[in-house]
Student: 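Please find one structure pasted underneath; my questions will follow.
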Amino acid sequence: MHEMSLVRALFRQADRVIAEHAASKITAVRVAVGPLAGVEPDLFASAFAVFTAQNFPHEIELVVDQVGLTADCPRCQQVVELVDFIFRCPRCGSAEVRVVGGDALELVSVTLTQNNLVGEAVT
């Protein structure tokens, strides 16, 4: 399953955050998923649940923020939201837009505990 490899990669990133902050455990993970990320959010959540159940003695909350598809338009020099996968600037009609957001799965933050204190590390 493609999503399981993404979850493993996500936790490799989270492990670095834990080490940087000398935390004792992860309590929540927040990710942003765009429509061109190639990730099915429900399958990702299922893979996350399986992975955490197999690798952690405690529950870890997953928060998935679905983000829109954004592009940079060189003609009108604006960052615009693309709707319905129409790759034209909605302001000026240019087809020369360049996707700048919504094409990835990104780790947004990890909520950590350290000696029973809770804090959020933003990546």
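Owing to the predicted nature of the structure, the values given are computational and were not obtained by experimental measurement.
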Student: So, the side chain of Ser94 versus the backbone of Cys89: is there a donor-acceptor pair under 3.5 Å, distance only?
Tutor: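 Checking the backbone N and O of Cys89 against the side chain of Ser94, no donor-acceptor pair under 3.5 Å is found.
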Student: Should Glu20 and Ile18 be marked as a side-chain contact (heavy atoms from CB on, under 4.5 Å) after you check the CA-CA gap, both sets of side-chain angles, and the distance that decides it?
Tutor: CA-CA 6 Å; Glu20 286 175 21; Ile18 289 171; over 6 Å; no
Student: Take Val31 and Leu105 through the side-chain contact (heavy atoms from CB on, under 4.5 Å) test and state the conclusion after the steps.
Tutor: CA-CA 7 Å; Val31 297; Leu105 167 70; 3.9 Å; yes
Student: Kindly work out whether a path of hydrophobic side-chain contacts (I/L/V/M/F/W/Y, heavy atoms less than 4.5 Å apart) joins Val29 to Val50.
Tutor: yes
Student: What closest approach, in Å, do Arg88 and Gly93 show between heavy atoms, and which atom pair accounts for it?
Tutor: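 Heavy atoms of Arg88 and Gly93 come nearest at NH1-O, 2.9 Å.
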Student: Has Ser24 got a side-chain atom pairing as donor or acceptor with Thr113's backbone, closer than 3.5 angstrom?
Tutor: yes
Student: Measure from the side-chain N and O atoms of His58 to the backbone N and O of Ile26, and report whether any donor-acceptor pair falls under 3.5 Å.
Tutor: yes
Student: Applying side-chain contact (heavy atoms from CB on, under 4.5 Å), run through Leu112 and Val17 and close with a yes or a no.
Tutor: CA-CA 9 Å; Leu112 307 169; Val17 173; 4.0 Å; yes
Student: Is it the case that atom CD in Glu40 sees more than 12 heavy atoms from other parts of the structure closer than 6.0 Å?
Tutor: yes
Student: Does Glu59 have more than 12 heavy atoms from other residues, nucleotides or ligands lying within 6.0 Å of its CD?
Tutor: no
Student: Looking at Phe11 versus Phe48, is the centre-to-centre ring distance below 6.0 Å?
Tutor: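 Close enough - the centres of the two rings lie under 6.0 Å apart.
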Student: Is the closest side-chain heavy-atom distance between Val99 and Leu69 below 4.5 Å?
Tutor: yes
